[in-house]
Undergrad: 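After the structure tokens below, expect a handful of questions from me.
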Amino acid sequence: MDIVQPASTEITTAKKSSEKIPSVLLDSLVEEPEKRPVPNHLLETKIFSELQRSKFIQAEPAVLHYGGYEVGKHHQQKLKLINISGDVISLLIIPPQTKYFQIKYTKTHQLVPGFSYAVTVDFCPDEWRYYYDCIRIHCQGEDTLLIPVHAYPAVNVELPSFINLSAVSVGK
């Protein structure tokens with residue numbers, strides 16, 4: 001009878017197994033997952049098409065324009081959201097989706113008829129180009145309001161209020 005040698009139960013390990021693999025090598029092999037913003041149910045299911053005024057809210061001004069901005073500087077405008085209904089309402093303000101426009105406001109629990117929210121819209125461009133975004137307002141039920149925000153480069157030229165073109169003979 002032959003004697004069979006049992007298989008080796010030792011696990012071979014690499015030399016110096018306690019050394020760590022450099023993180024630079026791991027970073028090149030592993031891709032970080034994209035950080036996606038949390039989806040907004042109202043943006044995906046509602047249609048925001050009313051401009052300036054809805055059944056419950058009126059925006060003053062109806063459209064925000066930033067003309068002749070300076071790159072790298074902050075520009076601010078005020079927006080008023082007025083309750084024009086006869087009821088106390090609660091509204092949801094959905095901020096602009098781009099990083100160039102930011103809003104700030106203080107929200108109480110509900111908006112009494114005739115009262116308004118003051119919203120500060122801050123704009124900070126990083127290059128000389130046209131920017132567009134919008135602020136969306138959702139009220140009770142299906143009532144929505146859209147406030148477009150535009151920023152465009154423009155040369156601010158002052159023209160005189162009166163130009164005198166004196167009489168001259170034809171051909172001169």
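Side-chain atoms are counted along with the backbone in the values below, which use heavy atoms only and exclude waters and symmetry mates.
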Undergrad: Taking C-beta and beyond as the side chain, do P113 and V88 meet within less than 4.5 Å on heavy atoms?
TA: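 Yes; the side chains approach each other to less than 4.5 Å.
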
Undergrad: Measure the shortest side-chain to side-chain distance between Q97 and D133 over non-hydrogen atoms and say whether it is less than 4.5 angstrom.
TA: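 A side-chain contact exists here, since the closest heavy-atom pair is under 4.5 Å.
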
Undergrad: Which heavy-atom pair separates T144 from H138 by the least distance, and what is that distance?
TA: CG2-CD2, 3.8 Å

Undergrad: Which heavy-atom pair separates Q102 from K99 by the least distance, and what is that distance?
TA: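 Heavy atoms only, the tightest pair is NE2-O, 3.3 Å.
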
Undergrad: So which atom in Y117 and which in K107 form the shortest heavy-atom distance, rounded to 0.1 Å?
TA: OH-CG, 3.5 Å

Undergrad: Show which side-chain atoms of residues 75-83 pair as donor or acceptor with protein atoms under 3.5 Å away, not counting sequence neighbours.
TA:
from: H75; atom 1: NE2; to: E70; atom 2: N; distance (Å): 3.1
from: H75; atom 1: NE2; to: E70; atom 2: O; distance (Å): 3.3
from: Q77; atom 1: NE2; to: H65; atom 2: O; distance (Å): 2.4
from: K78; atom 1: NZ; to: T120; atom 2: OG1; distance (Å): 3.0
from: N83; atom 1: OD1; to: S85; atom 2: N; distance (Å): 3.0
from: N83; atom 1: OD1; to: S85; atom 2: OG; distance (Å): 2.8
from: N83; atom 1: ND2; to: D87; atom 2: O; distance (Å): 3.0
from: N83; atom 1: ND2; to: L111; atom 2: O; distance (Å): 2.8
from: N83; atom 1: ND2; to: V112; atom 2: O; distance (Å): 3.4

Undergrad: Would you call the rings of Y131 and F123 parallel, tilted or perpendicular, taking 30° and 60° as the class edges?
TA: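 It falls in the perpendicular class, over 60°.
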
Undergrad: Ignoring hydrogens, what is the shortest heavy-atom contact between A62 and I147? Give both atom names and the distance.
TA: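 For A62 versus I147, the nearest heavy atoms are O-CG2, 3.6 Å.
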
Undergrad: Return the minimal non-hydrogen interatomic distance between S54 and I84, and the atom names on each side.
TA: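 Closest approach of S54 to I84: O-CD1, 3.5 Å.
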
Undergrad: Is there a side-chain contact between Y132 and Y152 in this structure, where contact means two heavy atoms from C-beta onward sitting under 4.5 Å apart?
TA: no

Undergrad: Pair up each side-chain donor or acceptor in residues 159-167 with any protein partner under 3.5 Å, not counting sequence neighbours, and list the distances.
TA:
none

Undergrad: Could you measure the distance from the CD1 atom of I137 to the CZ atom of F56? Nearest 0.5 Å is fine.
TA: 14.0 Å

Undergrad: Does atom OH of Y105 have more than 12 heavy-atom neighbours, drawn from other residues, nucleotides or ligands, at distances under 6.0 Å?
TA: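 Atom OH in Y105 is crowded, with more than 12 foreign heavy atoms closer than 6.0 Å.
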
Undergrad: How close do Y100 and P125 get, heavy atom to heavy atom, and via which atoms?
TA: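 Heavy atoms of Y100 and P125 come nearest at CD2-CA, 4.5 Å.
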
Undergrad: About how many Å separate CG of D143 and CD1 of I57, when rounded to the nearest 0.5 Å?
TA: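 I57 CD1 to D143 CG: 8.0 Å, rounded to 0.5 Å.
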
